[in-house]
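These notes are about the structure you will find just below.
Quick note on labels: first sequence line is chain A, next is B, and so on, each numbered from 1.
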Amino acid sequence: MLAYWWLLIRAAARNLSRNRRRTLLSSLAIALGLAALIFTDGLIRGMVADMVRLATDLMLGHAQIHAEGFRQEMELERTVREGTTLLRHLEEHPSVAHVAPRVVAFGMISSPSNVASVTVYGIDPRREPPLSQVDEAIIAGEYLVPHERGRVLLGQKLAETLRVQVGDRIVLTAAQAETGELAMSAYRVGGIFAFASREMNTTLVFLPLQDAQELYGLGERVHELAIRFWDIREADHLSGSFWSEFQTEGNELLNWRQLMPELNSTLAAVDVQMYIVGAILFAIVAFGIINTLFMSLYERMFEFGVLRAIGTRPLQMAGMILTEAGLLAVVSIVLGNLLGAAVTAAVAQIGLDYTGIEYVGITFHEPIRPVLAWSQFYRYPIWVFLFTLLAAIYPALYAARLRPAKAMRRSL
Amino acid sequence: MVQSHPNDEVIRLEGVTKVYRMGEVEVPALRGVDLVVRRGEFAALAGPSGSGKTTLLNLIGGLDVPTEGRVLLAGRPLDQMSGRELSDFRRDHIGFIFQAYNLIPVLSAYENVEYVLLLQRVPEVERRKRVLEILEAVGLKGMEHRRPAQLSGGQQQRVAVARAMVTRPDLILADEPTANLDSATGEALLDMMRSLNQQYGMTFLFSTHDPMIMERARRLILLRDGRVVQDERRG
Ligand SMILES: Nc1ncnc2c1ncn2[C@@H]1O[C@H](COP(=O)(O)OP(=O)(O)OP(=O)(O)O)[C@@H](O)[C@H]1O
Ligand SMILES: [Mg+2]
């Protein structure tokens with residue numbers, strides 16, 4: 001049996017090389033399809049990685065702890081339970097790179113010329129920088145200095161609305177925890193930041209954690225612990241030891257996917273897009289394969305008639321066509337992998353300019369670079385191989401059903 | 001006349017007709033043929049163009065099905081075999097030689113002959129022995145590794161003869177095997193077939209136009225308009 005298959009493979013190889021031009025053209029078509037798949041996958045990987053990085057780097061971190069229910073209404077009293085202890089334990093955990101405690105609350109900001117309602121973030125100037133990009137977004141003045149109090153950071157738009165500059169005084173008004181009493185406190189504008197998102201530039205105010213805790217009457221309590229792991233993949237190990245350790249009573253520990261469901265569903269949609277792109281490419285490729293196989297089938301009609309006449313079984317005829325298709329697929333896959341790797345690597349070098357484009361609230365500020373991964377070079381080729389065989393089934397069945405007398409007569 | 005044993009009959013046709021349908025038009029190619037060919041015969045099928053020679057050979061070889069009547073090979077009716085059984089029957093019991101383009105162009109002479117033995121799953125050592133032996137018998141020793149394109153028309157037909165014979169079939173059907181050869185080559189091929197027929201006792205049925213070829217046959221079956229009009233044995 002082995003010898004029989006070996007002869008089939010040799011015959012298929014010689015048939016393919018007998019018609020080099022046609023073989024090259026159709027395998028090039030298949031190869032282009034495969035290369036396009038590899039490139040698209042690389043691009044999506046690059047884009048997803050960028051989006052996730054942009055989203056998590058900005059302020060989110062890889063995971064966060066809040067008191068249960070805090071995220072619904074941002075109720076001032078719903079502070080993280082045992083926040084101080086958790087913070088210490090988190091900082092000692094080997095998977096955790098950085099943790100930042102935050103106060104998050106509504107407030108009113110006023111300057112001599114205007115008033116605005118804002119979201120106030122009390123942040124620890126020392127712990128915050130690795131978790132958010134506020135420090136990098138400063139365009140005037142300075143970022144907060146540890147242990148120095150009484151200064152705030154405003155967004156550029158907000159500063160314009162209030163008509164204040166670095167060094168000017170503003171007043172924050174807030175309702176205090178438990179008592180509900182209004183508290184007012186004056187600060188100086190220490191710095192002005194500009195993020196890519198307009199909304200953040202109009203609604204956010206940062207001030208030192210202790211100032212915020214004092215303003216809202218929170219004592220040592222915080223609303224949010226933002227966590228950054230050494231490896232972002234830790235955030236997906238929801239059944240791992242980290243999760244069971246820190247998903248404590250009364251608190252909720254959520255990863256970035258849960259914190260940004262819209263980003264997560266976008267990523268799922270991206271997967272669907274990949275399937276659609278794949279389906280379209282495969283459909284095009286399928287036509288090429290069927291066409292090529294039929295061309296070579298018609299051309300060799302008499303030959304197939306003879307093969308049937310001398311005792312080749314119908315299924316063996318089909319096997320012959322499938323062998324040829326399989327070989328065509330192998331040649332195409334080698335070509336497609338090389339082409340895909342070359343194009344993806346080249347574009348990764350140059351980068352695709354998406355800067356300034358906003359997508360689900362994330363603004364790209366760097367060119368997107370497609371990412372190469374091993375799986376691209378076996379996952380898609382396997383699909384291409386199977387698909388080529390699938391497309392070959394129709395011509396294969398045609399060959400199997402061929403009536404020998406008819407086949408030989410038609411070609412004379 | 002002595003009744004012969006049925007198992008002596010390689011071919012039996014009973015009231016075979018064949019009508020080709022081309023849309024509305026019906027072309028009767030065979031109009032009721034009864035024929036018996038016995039083991040070891042060397043018979044020629046002659047007749048003018050369009051008389052039904054190819055049609056008859058195709059029906060005998062199970063390459064096509066009759067409109068009416070029955071074809072029995074070695075006592076077995078072909079119409080009761082499945083597609084696969086028929087393939088296997090052809091593989092094991094019939095050798096075919098066509099007028100031209102018999103060979104798979106991408107396979108060498110050796111591989112072309114070997115192919116049928118591979119279908120039969122003959123083990124490697126025996127396969128090799130039989131292929132080399134038969135290629136030598138048809139006078140192609142030393143040309144085993146040539147592709148058909150590197151062989152003359154006569155040599156290609158000899159490879160076809162070798163392929164038809166290598167399985168030691170009960171019957172060899174040849175449709176104008178010499179039509180594409182010059183007369184000297186054609187006669188040489190026929191002489192070779194005749195000596196193989198005598199040597200191995202294989203049954204041959206071949207069609208031809210050529211009077212020189214007809215002369216070499218031991219039996220001459222004459223077809224006209226889809227009917228057997230003459231059937232004579234000699235020598
Ligand atoms: N597939 C077909 N469809 C329609 N008519 C056919 C078909 N095959 C053969 N015929 C017709 O049947 C008749 C017999 O044809 P056949 O090929 O058997 O003759 P032949 O004796 O082999 O002729 P030749 O010596 O030219 O090869 C002819 O009239 C031919 O045109
Ligand atoms: Mg004919």
Practice task
Report the option among B:L86, B:V106, B:D88 that has the most heavy-atom pairs separated by less than 4.5 Å from atoms of chain A.
Solution key: B:V106
Handout entry: Option in B:G83, B:P105, B:G62 with maximal non-hydrogen atom pairs under 4.5 Å from chain A
Key = B:P105
Problem - Neighbourhood of chain A inside residues 17-25 of chain B, taking heavy atoms under 4.5 Å as contact - result: none
Problem - Any residue of residues 135-145 of chain B which, by heavy atoms, sits under 4.5 Å from chain A - result: none
Handout entry: Worked verdict on A:M408 versus B:L63 for side chain to side chain contact (heavy atoms under 4.5 Å, CB included)
Key = CA-CA 10 Å; A:M408 287 191 285; B:L63 303 183; 3.8 Å; yes
Given heavy-atom pairs under 4.5 angstrom as the criterion, report whether the side chain, backbone, both or neither of [X] touches chain A.
{"X": "B:S82", "answer": "neither"}
{"X": "B:I94", "answer": "neither"}
{"X": "B:F89", "answer": "neither"}
{"X": "B:A164", "answer": "neither"}

To the nearest 0.5 Å, how far apart are [atom1] in [X] and [atom2] in [Y]?
{"X": "A:W6", "Y": "B:E111", "atom1": "CH2", "atom2": "CD", "result": "10.0 Å"}
{"X": "B:L107", "Y": "A:R14", "atom1": "CG", "atom2": "CZ", "result": "6.0 Å"}
{"X": "A:M317", "Y": "B:S87", "atom1": "CE", "atom2": "OG", "result": "9.5 Å"}

Handout entry: Heavy-atom proximity to chain B below 4.5 Å, by part of A:R308
Key = both
Taking C-beta and beyond as the side chain, do [X] and [Y] meet within less than 4.5 Å on heavy atoms?
{"X": "A:T312", "Y": "B:R91", "answer": "no"}
{"X": "A:L7", "Y": "B:Y115", "answer": "yes"}
{"X": "B:V65", "Y": "A:R403", "answer": "yes"}
{"X": "A:R313", "Y": "B:L119", "answer": "no"}
{"X": "B:N58", "Y": "A:K406", "answer": "no"}
{"X": "A:P404", "Y": "B:R90", "answer": "yes"}

Under 3.5 Å, sequence neighbours excluded: what are the donor-acceptor pairs made by side chains of residues 384-395 of chain A?
from   : atom 1 : to     : atom 2 : distance (Å)
A:T388 : OG1    : A:V384 : O      : 2.6

Practice task
Grab the two heavy atoms, one from A:A3 and one from B:L118, that are nearest each other, plus how far apart they are.
Solution key: CB-CD2, 3.5 Å
Exercise for the section: Take the angle between the ring planes of B:F98 and A:F302 and call it parallel below 30°, perpendicular above 60°, tilted in between. Expected result: perpendicular
Handout entry: Sidechain-backbone polar pair: B:R84 side chain, A:L315 backbone, donor-acceptor under 3.5 Å
Key = no
Handout entry: A:R53, CZ atom: more than 12 neighbouring heavy atoms under 6.0 Å
Key = yes
Fill in the blank from the handout: With sequence neighbours left out, the residues meeting salt bridge (charged side-chain N to carboxylate O under 4.0 Å, His left out) with B:R147 are none
